Amino acid sequence: GALSESDTHNPAGYIDTSTKTTKRRKSNANERTTMALEGKTDQEKLKQLSSKPYKEQAVWFLNAYWNDIFKGKEDSVEEIWKWTNLFTELDGKKKKKGCELDEFKAHVFLEKIGKTLSVRDMRAYLKSVDIDFNKKVSLTEYLVCHFKEQGVKWQALVNAPQDDEKAATERIAAQKAVAAASEAANIANEAAATARANATAATKAAKEAAEGELLAKSEEKKAVAAETECAEKKAISEEKAAQAKATEEAALKTAAEAKASAETAAAKEADLKEAELQAKARANEAHQAENHSSKAASEAKAALDKVLLEEKKYKEKMAKLQKDSTNMSLGIVKRNKAANLLDQLKSKPTLALQTAKVTLAAAEKKAAKALKKSEKAAKKAQDAADKISAATAEAKAAREAADADKAKADDDAKKAQADREVADEAQKVATHALILASDARASAEATAKAAEKARQRADSAREAAEEAKKSAEKTLRDAQVAMDEAESKLKELLAKPAGCGEGAKWWLKREFEEAKKYMPKSKLAKLAKNVGQ
């Protein structure tokens with residue numbers, strides 16, 4: 001490091017570094033300094049001091065320079081307390097048992113206390129601090145470097161007196177009492193905190209468990225009610241499904257019957273339509289025969305009328321010629337002409353005319369008779385056709401009614417089928433709901449039982465917490481007793497005249513202050529008053 005063995009400092013005024021021997025100055029004939037470092041050289045002593053735990057290094061340093069640097073400077077001493085704790089905190093593996101930090105951790109330490117340096121400056125600084133050149137920094141090395149400007153030299157430090165034997169014995173006794181009190185306080189505080197937390201948690205858990213049990217039982221009742229309701233709904237759905245099935249079967253039967261009726265009506269209608277066609281055909285034939293007869297009768301009458309007309313004309317002409325032949329008012333010529341013409345007419349044959357007249361009269365009579373017969377046949381055929389047409393119309397109406405009944409029956413069957421399917425689905429849903437409700441009821445029962453057991457466990461835990469709380473109270477009383485003992489020893493130690501172990505006394509007092517943090521406030525007030533806080 002940057003320090004050499006020739007650097008000297010005499011904080012107590014009795015170290016001769018040229019001969020590297022320690023001269024012991026007697027402050028009392030019965031007192032001797034103790035806790036000297038082993039080693040033939042100061043370098044070996046420094047190595048031994050740097051290998052001590054951080055706390056012991058700090059106490060050694062405070063003892064050595066109490067009067068020169070730290071007496072009456074509480075802030076400076078407190079700073080060393082904080083640095084010691086920071087070294088301990090950064091020593092991840094050894095913690096309180098550690099003695100030095102590597103380069104990286106030392107760099108972190110400097111940054112945390114506000115010494116922000118570049119990498120180069122940091123390495124130069126650490127090199128200046130690393131007195132034994134092992135690339136690590138002990139608390140002692142850092143303190144020597146930090147207080148160098150105030151006259152601190154490591155050669156003097158390693159040879160500085162610490163405690164006399166009697167003071168060391170008393171300090172060790174007080175230190176043990178403080179350590180015991182601190183440990184008891186820690187235990188008491190942890191036990192009390194744990195007991196309070198456990199008691200609070202157990203009380204809360206017991207309350208929650210009781211509430212959970214009530215809720216679980218309430219839910220169980222609801223689940224049982226829901227299961228009963230689902231069972232009732234299932235029974236209703238089954239009844240409705242059975243009714244819907246019966247309705248569907250009846251509708252299907254009705255539809256089948258309607259179908260058969262419609263088919264029968266359709267067949268009857270088809271038969272009547274065929275008969276109607278045949279009847280109409282016969283009626284048409286009869287009407288045609290009637291028409292022929294009517295035509296023949298008309299022709300016969302017309303022929304007869306013509307013959308009769310000719311006969312009339314002949315007779316009228318004969319009569320006129322007869323009249324004219326005898327009408328003396330006429331001239332002879334006209335009378336002769338009329339007579340000649342009358343003779344000519346009389347000379348013509350009239351048998352054919354008479355025969356034709358008779359024949360035509362007979363034909364007319366026969367035609368009239370045939371016409372009457374054909375009219376009767378036509379009327380009969382028409383009546384039959386009309387009757388069959390009426391029957392066909394009735395059959396058609398019956399078939400249409402049957403079709404309507406069939407359509408309605410089919411619709412009713414479809415609706416019944418749909419209703420049955422809905423009822424079946426409702427039954428399935430109700431069955432599934434009942435299964436779920438049964439499962440929920442079973443789960444609720446299990447939850448209620450579990451909640452009951454949880455409440456019982458919570459009650460047991462609460463009782464155990466109460467016992468633990470009582471135990472914590474006893475532990476706290478024990479800690480108070482230990483603190484009382486430590487207080488007594490500390491008062492006795494602080495009442496002693498100042499000596500070489502003032503740093504150790506301050507450290508012991510500071511540790512006692514830390515231990516007080518774990519004590520109740522009422523006890524702290526008493527301790528603070530007793531130790532002069």
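Predicted, not measured: the structure shown is a model, and the values here were computed from it.
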Check [X] against [Y] and note the closest heavy-atom contact, atom names and distance.
X      : Y      : result
Ser50  : Cys99  : O-CB, 3.2 Å
Val158 : Lys45  : CB-CB, 3.8 Å
Lys406 : Ala262 : CD-CB, 4.2 Å
Ala423 : Ala244 : CB-CB, 3.9 Å
Ala433 : Cys230 : O-SG, 3.9 Å

To the nearest 0.5 Å, what is the distance between [atom1] on [X] and [atom2] on [Y]?
X      : Y      : atom1 : atom2 : value
Leu86  : Leu110 : CG    : CG    : 9.5 Å
Ile80  : Trp507 : CD1   : CH2   : 7.5 Å
Lys245 : Leu252 : NZ    : CG    : 11.5 Å
Lys136 : Glu100 : NZ    : CD    : 5.5 Å
Asn63  : Gln162 : CG    : CD    : 4.5 Å
Asn85  : Glu514 : CG    : CD    : 7.5 Å

Hey, are [X] and [Y] close enough for a salt bridge, meaning a charged N less than 4.0 Å from a carboxylate O?
X      : Y      : value
Glu220 : Lys217 : no
Lys253 : Glu249 : no
Glu78  : Lys82  : no
Glu238 : Lys234 : yes
Asp459 : Arg455 : yes
Lys505 : Glu502 : yes

Determine yes or no for a side-chain-to-main-chain donor-acceptor pair under 3.5 angstrom, with [X] supplying the side chain and [Y] the backbone.
X      : Y      : result
Glu219 : Ala444 : no
Thr475 : Ser471 : yes
Lys153 : Lys148 : no
Thr247 : Gln243 : yes

Determine the interplanar angle of the Phe70 and Phe147 rings, folded into 0 to 90°, and report it as parallel if under 30°, tilted if 30 to 60°, perpendicular if over 60°.
perpendicular
Go through the steps for Glu44 and Gln48 under the test side chain to side chain contact (heavy atoms under 4.5 Å, CB included), then give the verdict.
CA-CA 6 Å; Glu44 291 178 354; Gln48 184 188 3; over 6 Å; no
Test item: [X] and [Y] side chains (from C-beta on) under 4.5 Å apart, heavy atoms:
X      : Y      : value
Leu157 : Leu143 : no
Leu434 : Glu227 : yes
Val77  : Arg510 : no
Gln150 : Tyr65  : no

Would Trp81 and Glu511 satisfy side chain to side chain contact (heavy atoms under 4.5 Å, CB included), going step by step from the backbone distance to the final call?
CA-CA 10 Å; Trp81 169 270; Glu511 287 181 335; 4.0 Å; yes
Show me the side-chain donor-acceptor pairs of residues 200-211 shorter than 3.5 Å, one per line, residues at least two apart or across chains.
{"residue": "Thr200", "atom": "OG1", "partner": "Arg196", "partner atom": "O", "Å": "2.8"}
{"residue": "Thr203", "atom": "OG1", "partner": "Ala199", "partner atom": "O", "Å": "2.7"}

CA sep, side-chain torsions, deciding dist, call: Arg462, Glu466, salt bridge (charged side-chain N to carboxylate O under 4.0 Å, His left out):
CA-CA 6 Å; Arg462 178 174 53 77; Glu466 291 297 329; 5.8 Å; no
Considering residues at least two apart in sequence or located in another chain, which fulfil the ring pair (Phe, Tyr, Trp, His ring centres under 6.0 Å) criterion with Tyr54?
Phe87
All ring pair (Phe, Tyr, Trp, His ring centres under 6.0 Å) counterparts of His432, not counting sequence neighbours:
none
Can you confirm whether Glu74 is buried at CD, in the sense that more than 12 heavy atoms of other residues, nucleotides or ligands lie under 6.0 Å from that atom?
yes
Evaluate Leu37 against Lys52 for side chain to side chain contact (heavy atoms under 4.5 Å, CB included), listing each step before the verdict.
CA-CA 11 Å; Leu37 296 170; Lys52 289 180 177 293; 3.7 Å; yes
Using the side chain to side chain contact (heavy atoms under 4.5 Å, CB included) rule, take Ile69 and Val152 through it: C-alpha gap first, then chi angles, then the decisive distance, then the call.
CA-CA 9 Å; Ile69 299 176; Val152 172; 3.5 Å; yes
With Lys408, the salt bridge (charged side-chain N to carboxylate O under 4.0 Å, His left out) member among Asp411, Asp410, Asp405, Asp412
Asp412
I would like to know whether Glu141 and Trp154 meet side-chain hydrogen bond (donor to acceptor under 3.5 Å, both in side chains); could you show each step before the answer?
CA-CA 8 Å; Glu141 288 175 324; Trp154 66 271; over 6 Å; no
